[in-house]
Amino acid sequence: MGLRRVAAAVLALAVLALTLGGWCALARPREEQLLPLVLCTWPYREAAEQAWKTVNSEGSALDAVENGCSLCEREQCRGTVGFGGSPDESGETTLDAMIMNGDTMEVGGVGDLRRIKSAISVARAVMEHSTHTLLVGESASIFAQNMGFLSEDLMTNRSLSLHWKWLQNKCQPNSWKNVSPNPETTCGPYKPIKELGSKQHRVSAYRANVHNHDTIGLIAIDKFGSIAVGTSTNGQIHKIPGRVGDSPIAGAGAYADSTAGAAAATGNGDIMMRFLPSYQAVEYMRMGVDPITACQKAIRRIQKYHPNLFGAIICANKTGSYGAACSKSPGLDQFHFMVYNPEMGSDQTVDCI
């Protein structure tokens, strides 16, 4: 009788193991079903949709990133991407962009790009037609023209109006500090003050906010697991001419590695680029940290030194799980981002930390 009970118990366990094994076999593809994936900073629905159409119809992750960012450049998303927005101190609109191939770790970027509207496509040309990673300024524009891109004015009536109003407001806000005359009350030209020990003029009048830091950062993962990421922006409004932010810098504005995941940042690039938050988040995910926590840890690392940081980051691991985090600051209590995968296409929101 005892032997029969043991045999019955062993049989029951075997049946249970087979049942669970079959269930697990069915469950494993669950992560695969999260691919393809498109993740995009801010509620740039049309750009995310464009990227999704590309990657969901056998297009590459790189094509998806380029197509999504290109649409935002053409549509001048929120006035902070593409031509006709964020004039610098001289009134000119310039562009920053980058694209990264997570399979090969190749990167192409452009900074302070002048007179060329298709910044993300020029960035891809840098990656595919040169051995360089980043080109900047007038030389980047010449490269673009040699690659067949049209040279045209990036200024519009709107950008000229923004610049005129800024001049009428005594050049406020601006990005100067430790200069004379006082940049908080007067336009330049400025000269450095000799006594930096004085508190006079030490704080820049510039303050980051949601209206001038809406960089598009876009992550795409195709059904085979290839990852690409890209960014595009016209940068900080009223910036000092020549300024390049975090967006075209690999590891800062964005980063991708198909063996781990990808991340893209948006916010005060002059601060965020010092901490390489996108690279940091990807490395957290490589260690097995989930995307939400990886994003939060990257933000908190910056908050340690800049508690009032204006910034956010999106993260996706190689299986298609995703997350986002933002730093609570004036004007930013929540962060909106777009998600497209086989299960959804929606605007999602995360509370800032």
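In this chain, numbering begins with 1 at the start of the sequence shown.
Taking the six-membered ring for Trp and thresholds of 30 and 60 degrees, W176 and Y190 have ring planes inclined between 30 and 60 degrees apart.
Side-chain atoms of Q50 and N67 form no donor-acceptor pair, as typed in the model, at a separation below 3.5 Å. For the residue pair E66 / S121, a side-chain donor-acceptor distance below 3.5 Å is found, with atom types taken as modelled. No side-chain N or O of Q236 forms a donor-acceptor pair with one of S86 less than 3.5 Å apart.
Looking at E89 and P241, their side chains come closer than 4.5 Å, going by heavy atoms from C-beta outward. Looking at L218 and M338, their side chains never come closer than 4.5 Å, going by heavy atoms from C-beta outward. L160 places none of its side-chain heavy atoms less than 4.5 Å from the side chain of H163. A heavy-atom distance below 4.5 Å is found between the side chains of P36 and W52.
Counted within 6.0 Å of CG on N157, heavy atoms from surrounding residues, nucleotides or ligands total 12 or fewer; the atom is thus considered open.
No option in N234, V244, V136 other than V244 meets the side chain to side chain contact (heavy atoms under 4.5 Å, CB included) test with D96.
For K239, the salt bridge (Lys or Arg N to Asp or Glu O under 4.0 Å) test picks out no residue, with sequence neighbours left out. For R114, the salt bridge (Lys or Arg N to Asp or Glu O under 4.0 Å) partners two or more places apart in sequence, or in a different chain, are E92, E138. By the ring pair (Phe, Tyr, Trp, His ring centres under 6.0 Å) test, Y284 pairs with no residue at all, sequence neighbours left out. By the salt bridge (Lys or Arg N to Asp or Glu O under 4.0 Å) test, E49 pairs with no residue at all, sequence neighbours left out. Scored by the salt bridge (Lys or Arg N to Asp or Glu O under 4.0 Å) test, E128 finds R124 as partners (sequence neighbours excluded). The side-chain hydrogen bond (donor to acceptor under 3.5 Å, both in side chains) test applied to T349 returns H336, not counting sequence neighbours. Taking C295 as the reference, C315 meet the disulfide (SG to SG under 2.5 Å) condition, with sequence neighbours excluded. Residues satisfying the side-chain hydrogen bond (donor to acceptor under 3.5 Å, both in side chains) criterion with T233, sequence neighbours excluded, are T215.
In terms of heavy-atom proximity, G269 sits nearest to D246 at CA-OD1, 3.2 Å.
Between the CG atom in L37 and the NZ atom in K318 there is a gap of 15.0 Å [rounded to 0.5 Å].
Among residue pairs with one or both ends in residues 95-128, none qualify as ring pair (Phe, Tyr, Trp, His ring centres under 6.0 Å); sequence neighbours excluded. Every pair passing side chain to side chain donor-acceptor pair (under 3.5 Å) that includes a residue from residues 250-261 is listed here, sequence neighbours excluded: D103-S258, D257-T259, D257-R286, T259-R286. Residue pairs meeting the side chain to side chain donor-acceptor pair (under 3.5 Å) criterion with at least one member in residues 297-309, sequence neighbours excluded: Q303-S327.
Residue F83 belongs to a hydrophobic cluster whose other members are L95, V110, L113, I116, V122, V126, L135, F143, M147, F149, L154, with links defined by side-chain heavy atoms closer than 4.5 Å.
A salt bridge is defined here as a Lys NZ or Arg NE, NH1 or NH2 lying under 4.0 Å from an Asp or Glu carboxylate O, and K328 with D351 fails to meet this definition.
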